[in-house]
Every structure is written in C-alpha cells, then in structure tokens.
Amino acid sequence: MPEVKFQVAAVLFDMDGTLVDSTTGVIGAWETFAKTYPGLDVKTILHSSHGVRTKDNLAKWCGITDPESLKDEAERFERAIVESAEGGIKILPGVRSILDNLSTAKSKPNQRWTICTSATRVYATAALNAANIDSPDDFVTADDVHKGKPHPEPYLEGAARCGVRATDCVVVEDAPAGVVSGLAAGSRVIGLLTTHSKEQMLKAAEGAPQGYFYLVPNLSSVSMVLVGNGLSVETTIALT
C-alpha cells in the first residue's frame with residue numbers, strides 16, 4: 001500500500017477512540033442510564049453516538065431538554081464512563097511515540113498540536129490523566145463550543161488556539177461525526193479504524209477532495225515529527 005507524506009502547521013486530535021480507549025466505560029455508562037431511562041436501545045445508540053457531545057446524545061436519546069438537567073446528567077454520564085471502564089482508560093497504539101515527538105510543541109506560543117474532544121473538560125482531564133497523557137496547555141472540549149461535531153466549530157476553534165488556520169491542519173479522528181467536522185473545517189483528515197468500520201468512515205468522507213482523507217488502522221500506522229514551524233506527517237499504511 002502506498003505511503004503518504006505531507007506537512008501541516010498543526011495537528012488536531014480527537015480524544016476517545018483516537019488517543020484513548022474508553023469503550024467499556026461508554027458501554028457501561030449507557031447501560032447505567034438505561035436503568036434511569038427505560039427503552040434505551042444501547043446497541044443502536046452506540047452505532048451513532050460516538051464522537052458527539054454527551055449533552056447532545058442525552059438530549060437525543062433520553063429526551064432531556066432542560067439545560068440544567070442536561071448539564072447534571074452529562075456530568076453523571078461521564079463519571080459513569082470512568083467508573084465503568086474495565087481495566088481503566090488506556091492509551092491507544094502509536095499514540096505515545098507521536099506525542100513524545102511533539103512534546104516540545106504543546107505550549108504557547110509554539111503550540112503545534114491540541115485536542116478537540118466532544119467530552120466535558122472534567123471528563124477529558126480525568127481520561128487523559130488515567131491514560132498518562134500529558135495534555136497540551138490549551139485544548140477544546142464540549143464546554144468551549146456552541147455547536148459540537150459534526151459541525152466544524154470544534155476544529156476551527158482548535159486551529160485558532162494553535163494560532164493557525166484549520167485549512168493548514170490535519171485532524172485525526174475515529175468517528176464519522178468527527179470526520180465530517182474536520183473536513184467541513186477545511187482540514188485534511190486521518191481516519192482511524194479503532195471504533196468504526198471502514199464502510200462507516202468512508203461514507204462520512206464522501207465528497208472529500210483528493211488527498212484530504214486517509215484511512216489507517218490506528219496511530220501506529222502514522223508518524224509525526226516537528227519540522228520548522230509545523231509538522232511532517234507520514235502514513236505508513238494508507239488504506240485510501
């Protein structure tokens with residue numbers, strides 16, 4: 001399979017399913033909520049909820065409309081993720097080596113990577129700590145945007161916090177909603193097959209310009225190194 005190499009000004013990572021594995025915790029949280037909200041089809045929810053803000057999922061699937069109730073239930077849901085994760089929240093393959101390479105570029109004024117997650121800041125901080133990931137100084141959570149993925153706002157905000165344009169960034173995502181968000185922001189996107197099928201990811205990327213979407217198994221198929229004022233990105237196993 002062909003190798004692909006390009007340079008960008010910054011990289012914008014999703015978190016769950018991209019940097020960390022919290023799958024058992026998410027399943028456990030939905031099973032817990034099914035006790036409070038009878039009739040929830042956990043299997044159906046898991047098929048489409050990943051990558052979407054917790055409060056947006058709870059509004060859709062649990063019918064919660066009151067803003068304060070949504071806030072409280074979102075916090076309860078994300079606590080349940082941490083409590084339900086069998087064996088804890090783990091760092092995913094390839095992540096450690098990439099973040100080690102980018103370790104000198106996690107702080108302003110030379111920040112060249114950040115995280116753009118649909119999680120709240122409380123949960124994101126807990127998940128990153130659990131996986132022993134040293135987070136960048138400035139990252140984007142559900143609390144920081146008016147519209148979550150698949151809207152482009154999270155990645156537009158992430159690029160702005162790195163002081164660059166989204167069109168000069170690469171997004172790393174495992175969820176269809178995040179792929180749509182990244183492409184809508186004008187970024188290149190590297191899709192990971194850590195949580196969704198190849199078919200789901202390719203469907204999300206339909207219409208992407210040539211050279212703007214690459215699909216790999218996980219981040220062990222990608223290398224990133226700092227060069228000048230940006231990064232050199234290479235996919236070692238390109239699936240599309």
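As the structure is a computational prediction, the values presented were derived from the model and not from experiment.
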May I have the list of side-chain donor-acceptor pairs in residues 144-157 shorter than 3.5 Å, sequence neighbours left out?
{"from": "Asp144", "atom 1": "OD2", "to": "Arg121", "atom 2": "NH2", "distance (Å)": "2.7"}
{"from": "Asp144", "atom 1": "OD2", "to": "Thr141", "atom 2": "N", "distance (Å)": "2.9"}
{"from": "Asp144", "atom 1": "OD2", "to": "Thr141", "atom 2": "OG1", "distance (Å)": "3.2"}
{"from": "Lys149", "atom 1": "NZ", "to": "Asp14", "atom 2": "OD1", "distance (Å)": "3.0"}
{"from": "Lys149", "atom 1": "NZ", "to": "Cys116", "atom 2": "O", "distance (Å)": "2.8"}
{"from": "Lys149", "atom 1": "NZ", "to": "Tyr155", "atom 2": "OH", "distance (Å)": "3.2"}
{"from": "Lys149", "atom 1": "NZ", "to": "Glu173", "atom 2": "OE2", "distance (Å)": "2.8"}
{"from": "His151", "atom 1": "ND1", "to": "Glu153", "atom 2": "N", "distance (Å)": "3.0"}
{"from": "Glu153", "atom 1": "OE1", "to": "His146", "atom 2": "N", "distance (Å)": "3.2"}
{"from": "Glu153", "atom 1": "OE1", "to": "Lys147", "atom 2": "N", "distance (Å)": "2.9"}
{"from": "Glu153", "atom 1": "OE2", "to": "His146", "atom 2": "N", "distance (Å)": "3.1"}
{"from": "Tyr155", "atom 1": "OH", "to": "Glu173", "atom 2": "OE2", "distance (Å)": "2.6"}
{"from": "Glu157", "atom 1": "OE2", "to": "Arg161", "atom 2": "NE", "distance (Å)": "2.8"}
{"from": "Glu157", "atom 1": "OE2", "to": "Arg161", "atom 2": "NH2", "distance (Å)": "3.3"}

If two hydrophobic side chains count as joined below 4.5 Å and joins carry through other members, does [X] share a cluster with [Y]?
X      : Y      : result
Val26  : Ile115 : yes
Ile89  : Val122 : no
Val216 : Leu99  : yes
Val8   : Ile190 : yes
Ile133 : Val140 : no

Output, in order, the C-alpha distance, side-chain angles, deciding distance and verdict of side chain to side chain contact (heavy atoms under 4.5 Å, CB included) for Leu202 and Phe213. CA-CA 9 Å; Leu202 290 176; Phe213 182 70; 4.0 Å; yes
To the nearest 0.5 angstrom, please state how far the [atom1] atom of [X] sits from the [atom2] atom of [Y].
X      : Y      : atom1 : atom2 : result
Thr65  : Leu58  : OG1   : CG    : 12.0 Å
Ile81  : Thr24  : CD1   : OG1   : 10.0 Å
Ser135 : Leu128 : OG    : CG    : 5.5 Å
Ser221 : Glu3   : OG    : CD    : 11.0 Å
Gln111 : Asp137 : CD    : CG    : 6.0 Å
Leu19  : Ile91  : CG    : CD1   : 7.5 Å

Go through the structure and list residues passing side-chain hydrogen bond (donor to acceptor under 3.5 Å, both in side chains) with [X], not counting sequence neighbours.
X      : answer
Arg53  : Asp56
Thr120 : Glu78
Gln7   : none

Pairs flagged by side chain to side chain donor-acceptor pair (under 3.5 Å) wherever residues 94-106 is involved - sequence neighbours left out: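 Not a single pair qualifies under side chain to side chain donor-acceptor pair (under 3.5 Å).
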What pairs of residues pass the side chain to side chain donor-acceptor pair (under 3.5 Å) test when at least one of them lies in residues 177-188, not counting sequence neighbours? none
Taking all heavy atoms of [X] and all of [Y], pick out the closest pair and write down the distance.
X      : Y      : value
Thr114 : Gly158 : CG2-O, 3.8 Å
Ala204 : Leu183 : O-CD1, 4.3 Å
Val95  : Thr18  : CG2-O, 3.6 Å
Gly182 : Val171 : CA-CG2, 4.0 Å
Leu231 : Ala10  : CD1-CA, 3.5 Å
Ser49  : Asn57  : O-ND2, 3.0 Å

Shared-cluster residues of Val225, by chain and number - hydrophobic side chains joined below 4.5 Å: Val227
As a test of understanding, state which of Thr117, Thr54, Asp16 forms a side-chain hydrogen bond (donor to acceptor under 3.5 Å, both in side chains) with Tyr123. Asp16
Examine distances only and state if a side-chain atom of Arg112 and a backbone atom of Asn229 form a donor-acceptor pair shorter than 3.5 Å.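 Side chain of Arg112 to backbone of Asn229, a donor-acceptor pair under 3.5 Å: yes, one is there.
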If we ignore hydrogens and angles and just use 3.5 Å, is the side chain of Thr194 paired with the main-chain N or O of Gly17 as donor and acceptor?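 Confirmed, Thr194 side chain pairs with Gly17 backbone.
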Check whether any side-chain heavy atom of Leu92 lies under 4.5 Å from a side-chain heavy atom of Val20, and answer yes or no. no
If you define the side chain from C-beta out and look only at heavy atoms, does anything of Arg76 sit under 4.5 Å from Thr36? yes
Which residues pass the salt bridge (Lys or Arg N to Asp or Glu O under 4.0 Å) test with Glu31, not counting sequence neighbours? none
If the plane angle is over 60° it's perpendicular, under 30° parallel, otherwise tilted; pick one for Trp30 and Phe33.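 Rings of Trp30 and Phe33: perpendicular, as their planes differ by over 60°.
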Tell me which one of Glu75, Glu68, Glu73 satisfies salt bridge (charged side-chain N to carboxylate O under 4.0 Å, His left out) with Lys71.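 When salt bridge (charged side-chain N to carboxylate O under 4.0 Å, His left out) is applied between Lys71 and each of Glu75, Glu68, Glu73, only Glu75 qualifies.
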Please list all pairs passing the ring pair (Phe, Tyr, Trp, His ring centres under 6.0 Å) test where one or both residues lie in residues 173-206, with sequence neighbours left out. His50-His196
Residues, nucleotides or ligands: over 12 heavy atoms within 6.0 Å of Arg165 CZ: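 Not more than 12 within 6.0 Å, no.
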Contacts table for residues 39-46: side-chain donor-acceptor under 3.5 angstrom, sequence neighbours left out:
{"from": "Asp41", "atom 1": "OD1", "to": "Lys43", "atom 2": "N", "distance (Å)": "3.3"}
{"from": "Asp41", "atom 1": "OD1", "to": "Thr44", "atom 2": "N", "distance (Å)": "3.2"}
{"from": "Asp41", "atom 1": "OD1", "to": "Thr44", "atom 2": "OG1", "distance (Å)": "3.4"}
{"from": "Asp41", "atom 1": "OD2", "to": "Thr44", "atom 2": "OG1", "distance (Å)": "2.9"}

ring-ring contact (aromatic ring centres under 6.0 Å, His included) partners of Tyr212, counting only residues at least two apart: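 Listed in chain order: nothing, the list is empty.
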Taking only residues two or more places apart in sequence or in another chain, which ones pass ring-ring contact (aromatic ring centres under 6.0 Å, His included) with Phe13? Trp113
